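Below you'll find the structure, written out as structure tokens, and then a few comments.
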Amino acid sequence: MQRRGRVDAGTPVGRRVVLGVLALGGAGVAFGARIQNGLDSVLATVNSKDPTGLTGLLPGGGGFRFYSVASSIPHRSDTDYRLTVDGLVDRPATYTLADLKAMQQTRLVKDVQCVTGWRVPNTEFSGVLVRDLLKQAGVQPKGKAIKLTCFDGVYTESLTLDEANRDDVIVAHEMNGAPVTSAHGGPVRLYVAPMYFYKSAKWLSGITVTEQVEPGYWEQYGYDVEAWVGRSNGRDDAPTSN
Ligand SMILES: Nc1nc2c(c(=O)[nH]1)N[C@H]1C(S)=C(S)[C@@H](COP(=O)(O)O)O[C@H]1N2
Ligand SMILES: [Mo]
């Protein structure tokens, strides 16, 4: 995992921002840096190491920025792809992409909002409700949350069971009418419409039902676990230094 970021000293750390120094390890950790800068520095690190020359803005990406905390873009072909549902369930299962496509499809058209400020309105994601996958697996009474894992081997996310059961939380294999590209986390990524985009784990490989929420990758470095757009990560504080 590559997390050597170059971080500029910046504005004071917001009172709810706990900067995980380890997140930025190695090269000069600037305490004043906002977490947003942490993300951007990771992006810069990835780009500087990526021979494909991906820049911050994805070509033809319609305003999307590319993020990965892994040093290269992992790849799974449509036929190799597998999604595992396990943990505190009665019927653990593994899905192929074809399995997911054969299930009832949900289409969401919402705004994508990254916590660093960029926003892409009216983005379409289609796929399977996480709720349906959990229903098929049979969540045991002790199960109260899910942990999402990714085939980049690094990124994780989490949701409470209630959040996971919402009708705007899907496992998406289509974005804007086309297969989710590898850069956007394909063949299959999570899409949590009501929350900041860091909840939407790319390159999704596993859904594990757990007893309690296990904070995800960025959440271990200070982001809110409950990442409601407009109501978390300091956005509900009266004017901030953002
Ligand atoms: N596996 C994985 N998923 C991830 C991330 C990541 O680094 N790795 N970054 C998150 C963040 S912070 C954002 S803003 C979005 C970016 O998605 P995009 O690259 O399709 O624009 O993916 C989220 N999901
Ligand atoms: Mo993000």
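Just so it is clear, the values below take in all heavy atoms, side chains as well, and ignore hydrogens, waters and symmetry mates. This chain uses plain numbering: 1 for the first residue, then up along the sequence. Predicted, not measured: the structure shown is a model, and the values here were computed from it. Start at 1 and go down the list; that is how both ligands and their atoms are numbered.
- If you check each of W118, Y155, F197 against atom 5 (C) of ligand 1, the one with the closest non-hydrogen atom is Y155.
- For W218, no nitrogen or oxygen atom sits less than 3.5 Å from a nitrogen or oxygen atom of ligand 1, counting backbone and side chain alike.
- Two residues are said to be in side-chain contact when any heavy atoms from C-beta on lie closer than 4.5 Å; T123 and F64 meet this criterion.
- Geometrically, ligand 1 and V69 share a nitrogen or oxygen pair separated by less than 3.5 Å.
- Close approach to D152 involves these atoms of ligand 1, each under 4.0 Å from a residue heavy atom: 1 (N), 2 (C), 8 (N).
- Here atom 12 (S) of ligand 1 lies nearest to Y198 when heavy atoms of Y198, F64, F151, Y196 are compared.
- Distances below 4.0 Å separate heavy atoms of F66 from the following atoms of ligand 1: 19 (O).
- Residue contacts with ligand 1 leave out G185, since none of its heavy atoms falls under 4.0 Å from the ligand.
- Here the side chains of Q212 and K144 are not in contact, with every heavy-atom distance at 4.5 Å or above.
- Residues Q140 and V209 have side chains not in contact (no heavy-atom distance under 4.5 Å, counting atoms from C-beta outward).
- Of all atoms in ligand 1, numbered sequentially from 1 with element shown, those under 4.0 Å from a heavy atom of C114 are 14 (S).
- Q104 and D132 share no side-chain donor-acceptor pair at under 3.5 Å.
- Around atom 19 (O) of ligand 1, the closest heavy atom drawn from K202, M175, R189 belongs to K202.
- A side chain to side chain contact (heavy atoms under 4.5 Å, CB included) with Q113 is found for exactly one of F197, W118, Y196, namely Y196.
- Close contacts of ligand 1 with S68, meaning ligand atoms under 4.0 Å from a residue heavy atom, involve 6 (C), 7 (O).
- Checked options W228, Y198, Y223, W218; the residue passing with N233 is Y198 (criterion: side-chain hydrogen bond (donor to acceptor under 3.5 Å, both in side chains)).
- A salt bridge links E219 and K199; the closest N-O separation between the charged side-chain nitrogens and carboxylate oxygens is under 4.0 Å.
- Close N/O approach between W203 and ligand 1 is not found [any backbone or side-chain N/O within under 3.5 Å].
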